[in-house]
Number of protein chains: 2
Amino acid sequence: MPGATEQKIIDAAVRLFASQGYDATSVQEIVTAAEVTKGALYHYFRAKDDLLFEIYRLLITAQSADMDRIIELGLSSADTVREILVSLVVSTAERVDETAVFVREMHRLDEARMTEFRAERRRYHETFLGVIEKGQADGEFSSAVPADTVVRIAFGVVNQLPVWYRPDGPKPPARLAGEIADFVLAGLR
Amino acid sequence: MPGATEQKIIDAAVRLFASQGYDATSVQEIVTAAEVTKGALYHYFRAKDDLLFEIYRLLITAQSADMDRIIELGLSSADTVREILVSLVVSTAERVDETAVFVREMHRLDEARMTEFRAERRRYHETFLGVIEKGQADGEFSSAVPADTVVRIAFGVVNQLPVWYRPDGPKPPARLAGEIADFVLAGLR
DNA sequence: CCCACCCTACCGACCGGTCGGTATGCCTTA
DNA sequence: TAAGGCATACCGACCGGTCGGTAGGGTGGG
């Protein structure tokens with residue numbers, strides 16, 4: 001539960017990292033945009049890359065929770081896949097900047113944090129994979145295309161979303177999410 | 001037709017930019033890796049970001065040419081889509097580093113070059129879009145999901161490929177490409 | 001045949017400037 | 001009056017880019 005100053009710093013960092021990149025954004029720019037000073041930033045964060053870590057943590061925690069919640073509903077495989085995709089696309093559209101930073105700058109994490117994140121991503125990845133494999137085993141989905149490729153395709157669109165999605169574009173996020181889910185499910189028949 | 005020294009510099013730059021990012025890679029690192037000196041680098045390139053520009057140019061030129069060549073074959077919509085996807089996935093797998101740099105650092109181009117690249121990308125994008133729309137108009141493809149969403153999904157996988165593809169992984173590129181094409185075409189029925 | 005001349009390719013010490021991070025102390029609130 | 005919650009001034013490392021210089025091969029006049 002970050003305080004007001006902490007939150008202002010993170011918000012400014014996300015916005016600047018998303019538009020210019022991590023290295024191209026100086027600490028001075030961040031504090032100026034957040035209307036605080038360097039003293040305040042280094043009071044709350046030990047180093048610049050703690051900001052990156054915090055951004056990732058917030059994003060991945062929220063997404064993991066969403067997926068777990070959906071799976072516990074115990075829907076059919078098709079409905080589970082649809083719900084996961086829709087929730088993922090909608091929540092990604094709501095947080096395009098965070099996602100853009102995450103996708104572009106993940107490799108800048110140090111060894112320890114990288115390992116931690118890879119484990120979390122892997123868990124996330126394999127949960128979704130499990131849903132599709134179950135649907136294939138039950139005969140609800142076709143087995144023509146291996147499940148891992150389907151997962152790659154699904155996450156591919158989502159992670160590229162910050163590249164082309166614009167909040168003021170013609171299609172609202174919910175409609176986009178529906179179209180993407182339709183297409184993936186069509187491919188699974 | 002770059003000379004040996006020039007080529008060594010570009011190769012080193014691609015490798016380093018892909019693994020550490022553009023800003024995190026110093027000119028000194030590049031020349032050390034390429035076994036040349038700063039003098040040599042600045043003899044061939046006016047500035048560090050000329051290297052980025054050159055990397056993008058090589059990549060996009062090759063891919064555009066591939067797509068044009070396939071379209072001129074005059075195959076059915078389904079076969080054209082399949083050929084485009086297979087060629088794109090295979091050529092991207094062959095140049096994962098270039099693609100990783102392209103996807104992650106494109107926003108660092110200056111205004112003029114950015115405009116030029118957006119135009120080229122748009123053309124590329126719309127050519128593929130045209131193929132799918134034609135298939136839908138002919139009744140060869142379903143119109144359930146709008147063509148632009150399909151294009152986004154297809155380019156999404158390809159651009160995310162550098163994140164997970166490993167040349168020494170279990171699936172050879174051609175097989176991966178086939179699976180992806182199968183899935184997209186299944187979604188278009 | 002040779003030597004003066006030149007030109008391309010390359011070298012590496014150096015510079016101005018910026019950046020992440022720190023040291024120190026004030027000031028408010030409990 | 002102690003303790004967080006900041007502000008300000010500053011540091012040293014490093015970075016992209018420059019610049020005076022060199023090595024060596026081609027070439028043309030004598």
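Chain identifiers are assigned alphabetically (A, B, ...) following the order of the sequence lines, protein sequences preceding nucleic acid strands; residue numbering begins at 1 within each chain.
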Dump the pairs, protein N or O against N or O of nucleotides 18-20 of chain C, anything under 3.5 Å, distances to one decimal.
unit_1  : atom_1 : unit_2 : atom_2 : d
dG20(C) : OP1    : T25(A) : O      : 3.4
dG20(C) : OP1    : K48(A) : NZ     : 2.7
dG20(C) : OP2    : V27(A) : N      : 2.7
dG20(C) : N7     : K38(A) : NZ     : 3.3

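- Taking the side chain to side chain contact (heavy atoms under 4.5 Å, CB included) definition, one finds that S19(A) meets it with nothing, sequence neighbours left out.
- Counted within 6.0 Å of CD on E35(B), heavy atoms from surrounding residues, nucleotides or ligands total 12 or fewer; the atom is thus considered open.
- Proximity of residues 49-59 of chain B to DNA chain C (heavy atom under 4.0 angstrom from any strand atom) is not detected for any residue.
- Here T5(A) reaches the OP1 or OP2 of dC6(D): one of its side-chain N or O atoms lies under 4.0 Å away.
- Every residue was checked against the ring-ring contact (aromatic ring centres under 6.0 Å, His included) condition with F183(A), not counting sequence neighbours, and none meets it.
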Check nucleotides 24-26 of chain C against the protein and report each pair of N or O atoms closer than 3.5 Å, with its distance, or say if there are none.
none

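- Rounded to whole Å, atom C1' of dG16(D) lies 16 Å from atom CZ of F45(B).
- In this structure, CD of E35(B) is placed 20 Å from P of dA9(C), rounded to the nearest angstrom.
- Residue H43(B) places at least one side-chain N or O closer than 4.0 Å to OP1 or OP2 of dA9(C).
- With sequence neighbours excluded, no residue forms a ring-ring contact (aromatic ring centres under 6.0 Å, His included) with F45(B).
- Counting only residues at least two apart or in different chains, side-chain hydrogen bond (donor to acceptor under 3.5 Å, both in side chains) contacts with residues 95-105 of chain B comprise E105(B)-R108(B).
- Among residue pairs with one or both ends in residues 111-121 of chain A, those qualifying as side-chain hydrogen bond (donor to acceptor under 3.5 Å, both in side chains) are D50(A)-R113(A), S64(A)-E120(A); sequence neighbours excluded.
- Scored by the side chain to side chain contact (heavy atoms under 4.5 Å, CB included) test, S76(B) finds A78(B), D79(B), E140(B) as partners (sequence neighbours excluded).
- Applying the side chain to side chain contact (heavy atoms under 4.5 Å, CB included) rule to D148(B) yields the partners K171(A), L129(B), P146(B), R152(B); only residues at least two apart in sequence or on another chain are considered.
- For the side chain to side chain contact (heavy atoms under 4.5 Å, CB included) test, residues two or more places apart in sequence or in another chain that qualify with S26(B) are Q28(B), E29(B).
- Distance CD1 (I9(B)) to C1' (dC11(C)): 13 Å, rounded to an integer number of Å.
- The cationic group of K48(A) lies under 6.0 Å from the six-membered ring centre of Y22(A) and within 45° of the ring axis, placing it in a cation-pi geometry.
- Ranking dA9(C), dG5(D), dC11(C) by closeness to the T37(B) side chain, first place goes to dC11(C).
- Residues satisfying the ring-ring contact (aromatic ring centres under 6.0 Å, His included) criterion with H125(B), sequence neighbours excluded, are F155(B).
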